[in-house]
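Starting from 1, each residue takes its place in the sequence as its number.
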Amino acid sequence: MATEEGTEPVSPLDDVMEDIRRELIRRVAADDRDSNRDIYDALEDE
């Protein structure tokens with residue numbers, strides 16, 4: 001993660017929290033795709 005000038009350095013905890021957020025987003029998106037598979041399939045066919 002790039003830091004901007006004037007911001008505090010990223011701590012190891014910040015890195016871990018960002019990894020957790022990314023994984024949660026990935027899981028929610030995958031669950032949404034699975035729950036709405038028929039809609040996604042119909043959109044692909046258009």
To the nearest 0.5 Å, how far apart are CG in Asp15 and CD1 in Ile20? 11.0 Å
More than 12 non-hydrogen atoms from neighbouring residues, nucleotides or ligands closer than 6.0 Å to CZ on Arg37, yes or no? yes
In the hydrophobic cluster built from side-chain contacts under 4.5 Å, what are the other members alongside Ile39? Leu43
Using a distance-only test with no angle check, is there a side-chain donor-acceptor pair under 3.5 angstrom linking Tyr40 and Asp32? yes
Pairwise distance CZ(Arg21) to CG(Asp19) - rounded to 0.5 angstrom: 10.0 Å
